[in-house]
Amino acid sequence: MPELPEVETIRRQLCAAGVEGRTIEKVHIEWPRTVEPLTPSVFCKQVQGRQLEKIDRHGKWLIFRLDGKENLLVHLRMTGGFYLTQGALKEGKHDRAILQLSGGLNLHFRDPRKFGRWKLESDVVGHASRIRERVSDDGHKLSEYREDCPTIVGLGPDALTVTKAEFFQSLEGQNKVLKALLLDQSFVAGVGNIYADEALFEARLDPRRKSGSLSDAEKLTLYKAVTKVIKAGVRNGGTSLGDGQGNYVDLNGEAGGHREKVKVYGRAGQPCVVCGHPLHKTQIAQRTTVFCTHCQK
DNA sequence: GAAGACCTGCTA
DNA sequence: TAGCAGGTCTTC
């Protein structure tokens, strides 16, 4: 369920809650496949006693930078999420893993569908120097600063910080159906089904179009649309939709505020906010896709 | 490119 | 009770 804005929201909340800098005193693995291919006992042995120095993100992966060699990479997949408790450990119903941190703070990984994954990796993490933005609570840009960010090998540039030049370079030589391309994490990392549909609507591009058919102007429009919807999602604290148990909630159990901003995803049959024609629902790249056949060309 | 696998729980 | 879900990986 969570895409980049939801993961980024969780990352910021974990930082704000003071998780960084704490030592991992004890690890509990309740669902062994969460840490595959390691066994829970090997995983615990490698992580216990390490300091959690910093929390980063690349695409939909959270990167817990530990002292020493490896980093802990967490992918929430469809239903993963974190919450914090203080003091005596009380296991929640869908908890799959728990980190007991110094100072009595417990970091619970809740994941009803058990798709989430925790990996210990040293060699897949590289570094990139990036321009980051400081943003106020109401979403206004305060300033820019340069930061050394870990990058996961095999993932494309992060959808929140991707530059126009990187985006165009990533498009080079591609000729994929646009919907499939946006979902391809090696193209741009962090876009999932919701934001792919929203970005294509924002760009007024037909999701069935091939990327090779885009003019330079359309490529630029797509770049602006992707970064715009991702940034809007982050600003609003993520999206959650009122269907099914996969509903995203943040660290505090709050639903994402981006829900009301969604223009096409989950609105099949309802009128397009631009032209009023009913929105069309279909399958593209084996994923539910909603778009306006009238506005998106 | 497409289908199946991994999973649970909510909705129709 | 069947069908469906925001993600990714493996196997045709």
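We use all heavy atoms of the structure for the numbers below, so side chains are in, but hydrogens, waters and symmetry mates are not. Chain letters run A, B, ... following the sequence lines, proteins first and then strands; every chain starts at 1.
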Enquirer: Using a 3.5 Å limit on both pairing distances, list the dot-bracket string of DNA chain C from the 5' end; Watson-Crick and G-U wobble pairs count, crossing pairs take [ ], interstrand pairs take |.
Expert: |||||.||||||
Enquirer: Taking only N and O in the side chain of A:Tyr265, is any of them less than 4.0 Å away from OP1 or OP2 of C:dG6?
Expert: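 For C:dG6, OP1/OP2 do have a side-chain N/O of A:Tyr265 under 4.0 Å.
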Enquirer: A:Lys93 near the nucleic acid: base, sugar-phosphate alone, or nothing, with a heavy-atom cut-off under 4.0 Å?
Expert: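 Here A:Lys93 touches the backbone only, sparing every base.
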Enquirer: Using a cut-off of less than 4.0 Å, is there contact between a side-chain N or O of A:Lys60 and OP1 or OP2 of C:dT8?
Expert: yes
Enquirer: Can you confirm if the aromatic rings of A:Phe201 and A:Tyr195 lie within a centre distance of less than 6.0 Å?
Expert: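 No, ring centres 6.0 Å or more apart.
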Enquirer: If I take atom CZ in residue A:Arg287 and atom C1' in nucleotide C:dG6, what distance separates them, rounded to the nearest angstrom?
Expert: 7 Å
Enquirer: By side-chain hydrogen bond (donor to acceptor under 3.5 Å, both in side chains), which residues pair with A:Asn106, not counting sequence neighbours?
Expert: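 Once residues adjacent in sequence are excluded, the partners of A:Asn106 under the side-chain hydrogen bond (donor to acceptor under 3.5 Å, both in side chains) criterion are A:Thr85.
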Enquirer: Please report, rounded to the nearest Å, how far the C1' atom of B:dG9 is from the CZ atom of A:Arg96.
Expert: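 Computing the A:Arg96:CZ to B:dG9:C1' distance gives 12 Å.
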Enquirer: Would you indicate, yes or no, if C:dA5 has its OP1 or OP2 atom less than 4.0 angstrom from a side-chain nitrogen or oxygen of A:Thr288?
Expert: yes
Enquirer: So is the aromatic ring of A:Phe115 stacked onto the base of B:dC6, judging by whether the centres are under 5.5 Å apart and the planes are under 30° apart?
Expert: yes
Enquirer: More than 12 foreign heavy atoms under 6.0 Å from NZ of A:Lys224: is that the case here?
Expert: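 No, NZ of A:Lys224 has 12 or fewer neighbouring heavy atoms, counting only those of other groups under 6.0 Å.
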Enquirer: For C:dG6 and B:dA12, measure between their P atoms and round to the nearest Å.
Expert: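 These two P atoms come out 16 Å apart once rounded.
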Enquirer: Contact class for A:Arg33 (heavy atom, under 4.0 Å): base, sugar-phosphate, or nothing?
Expert: sugar-phosphate
Enquirer: For A:Asp206 and A:Lys297, indicate whether the former's side chain and the latter's backbone hold a donor-acceptor pair under 3.5 Å.
Expert: no
Enquirer: Contact class for A:Trp61 (heavy atom, under 4.0 Å): base, sugar-phosphate, or nothing?
Expert: nothing
Enquirer: Nearest 0.5 Å, please: how far is CG in A:Asp95 from CD1 in A:Ile29?
Expert: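 Reported value, rounded in 0.5 Å steps: 11.0 Å.
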Enquirer: Do A:Arg57 side-chain atoms and A:Gly59 backbone N/O form a donor-acceptor pair below 3.5 Å?
Expert: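 Pair found, side chain donor or acceptor close to backbone of A:Gly59.
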Enquirer: So does A:Leu155 get a backbone contact from the side chain of A:Gln185, meaning a donor-acceptor N/O pair under 3.5 Å?
Expert: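 Not a single qualifying donor-acceptor pair exists.
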Enquirer: Taking NZ from A:Lys179 and P from B:dA2, how many angstroms apart are they, rounded to a whole number?
Expert: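 About 14 Å, once rounded to whole Å.
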Enquirer: Would you say a side-chain N or O of A:His94 is under 4.0 Å from OP1 or OP2 of B:dT8?
Expert: no
Enquirer: Measure from CZ on A:Arg113 to C1' on C:dG3 and round the result to the nearest Å.
Expert: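 Rounded to the whole Å, the gap is 12 Å.
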Enquirer: Just to confirm, is there a sub-4.0 Å distance from OP1 or OP2 of C:dT8 to any side-chain nitrogen or oxygen of A:Gln185?
Expert: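 Yes, A:Gln185 has a side-chain N/O under 4.0 Å of OP1/OP2 on C:dT8.
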Enquirer: Atom CG of A:Leu62 to atom C1' of C:dG7: distance rounded to whole Å?
Expert: 15 Å
Enquirer: From CZ of A:Arg208 over to C1' of B:dG1, roughly how many Å is that when rounded to an integer?
Expert: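 So the CZ-C1' distance, A:Arg208 to B:dG1, works out to 18 Å.
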Enquirer: A:Met78 has a side chain; which of C:dG7, C:dT8, B:dT8 sits nearest to it?
Expert: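 So the side chain of A:Met78 is nearest to C:dG7.
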Enquirer: Taking the P atom in each of B:dA3 and C:dC4, what is the distance between them to the nearest angstrom?
Expert: 14 Å
Enquirer: Which whole-number value in Å describes the distance from A:Leu182 CG to C:dT8 C1'?
Expert: 17 Å
Enquirer: Step by step, work out the side chain to side chain donor-acceptor pair (under 3.5 Å) result for A:Lys179 and A:Thr289.
Expert: CA-CA 8 Å; A:Lys179 173 69 184 253; A:Thr289 302; 2.9 Å; yes
Enquirer: Specify the separation, in whole Å, of atom CG of A:Asn193 and atom P of C:dC4.
Expert: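 In whole Å, C:dC4 P and A:Asn193 CG are 15 Å from each other.
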Enquirer: Name the closest nucleotide to the A:Gln286 side chain, picking from B:dC7, B:dA2, C:dG6.
Expert: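 Selected nucleotide: B:dA2.
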